[in-house]
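Below: one structure, written as structure tokens.
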Amino acid sequence: MIDLSPGTRGDSVGQSIDVSALSFQETEAGGTFAWHQDPVPRFVLMLSGTIEFETVSGATFTLNPGEVLLAQDNSGTGHRWRLIGDAPWRRAYVVYQEGADLQFVKKDSDR
């Protein structure tokens, strides 16, 4: 969970995170990607489509539009994914600068 503080207009606001690159990618419905690592640590912003994500340990989870994945598997054992449903997977990759404070805090259920 991102650490947010009260802001103006009733918004909740996070601190800025130093980033070095932003790119967009789209995969057609039915797409999959075999075992691989991320090229660099980055945020994956889910814009459309739903994917099932699996780690080498066997853990699986679903990512939906509006969710953010912190992808740091650039030196580990890898992961794979498959697109679920008929929508294309559109996402933004945001590469954060090394040493950036990512502003994450544990959820209440994780404490």
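Any value given below was found using the heavy atoms of this structure, including those in side chains, with hydrogens, waters and symmetry copies removed. Just so you know, these numbers come straight off a predicted model, no measurement behind them.
R42 contributes atom CZ, which lies 9.5 Å from atom CG of L69 (distance to the nearest 0.5 angstrom). Atom CD of E67 and atom CG of L45 lie 11.5 Å apart (nearest 0.5 Å). Between atom CG of residue D18 and atom CD of residue E98 there is a gap of 12.5 Å, rounded to the nearest 0.5 Å.
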V95 and S20: CA distance, side-chain angles, deciding distance, side chain to side chain contact (heavy atoms under 4.5 Å, CB included) verdict: CA-CA 6 Å; V95 179; S20 58; 3.5 Å; yes

Worked verdict on M46 versus I51 for side chain to side chain contact (heavy atoms under 4.5 Å, CB included): CA-CA 9 Å; M46 299 287 296; I51 65 165; 4.2 Å; yes

Worked check of side chain to side chain contact (heavy atoms under 4.5 Å, CB included) between Q72 and L102: CA-CA 12 Å; Q72 296 181 314; L102 302 182; 3.9 Å; yes

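Taking each heavy atom of I84 and E52 in turn, the nearest pair found is CD1-CB, 3.6 Å. Scanning all heavy atoms of the two residues, the minimum distance from P88 to E26 falls at CB-OE2, 3.9 Å. Shortest non-hydrogen contact noted between A71 and D38 is CB-OD2, 3.1 Å. Across every non-hydrogen atom of A100 and I17, the tightest pair is CB-CG2, 4.2 Å. Between P65 and G49 the shortest heavy-atom distance is CD-O, 3.2 Å. Closest approach of T60 to E54, counting heavy atoms only: CG2-CG, 3.6 Å.
At a threshold of 4.5 Å between side-chain heavy atoms, the hydrophobic network of Ile, Leu, Val, Met, Phe, Trp and Tyr places V94 and L47 in one connected group. If you chain together hydrophobic residues whose side chains sit under 4.5 Å apart, V68 and F53 never meet in one group. In the hydrophobic clustering of this structure, F61 groups with V44; members are Ile, Leu, Val, Met, Phe, Trp, Tyr whose side-chain heavy atoms approach within less than 4.5 Å, directly or through other members.
Put simply, the side chain of H36 gets close to the backbone of H79: a donor and an acceptor are under 3.5 Å apart. No donor-acceptor distance shorter than 3.5 angstrom exists from the side chain of T32 to the backbone of L83, with no hydrogens or angles considered.
Residues F43 and Y96 place their aromatic rings such that the two centres sit under 6.0 Å apart.
Crowding of Q37 atom CD: a count of heavy atoms from other residues, nucleotides or ligands under 6.0 Å exceeding 12. Within 6.0 Å of the CG atom in D11, the count of heavy atoms belonging to other residues, nucleotides or ligands exceeds 12.
Note on ring orientation: taking the six-membered ring where Trp is involved, the planes of W89 and W81 are perpendicular (angle over 60°, cut-offs 30° and 60°).
Checked by atom type, the side-chain pair T27/R91 shows a donor-acceptor distance below 3.5 Å.
In this structure, F24 and R90 have side chains that are not in contact, with every pair of non-hydrogen atoms separated by 4.5 Å or more.
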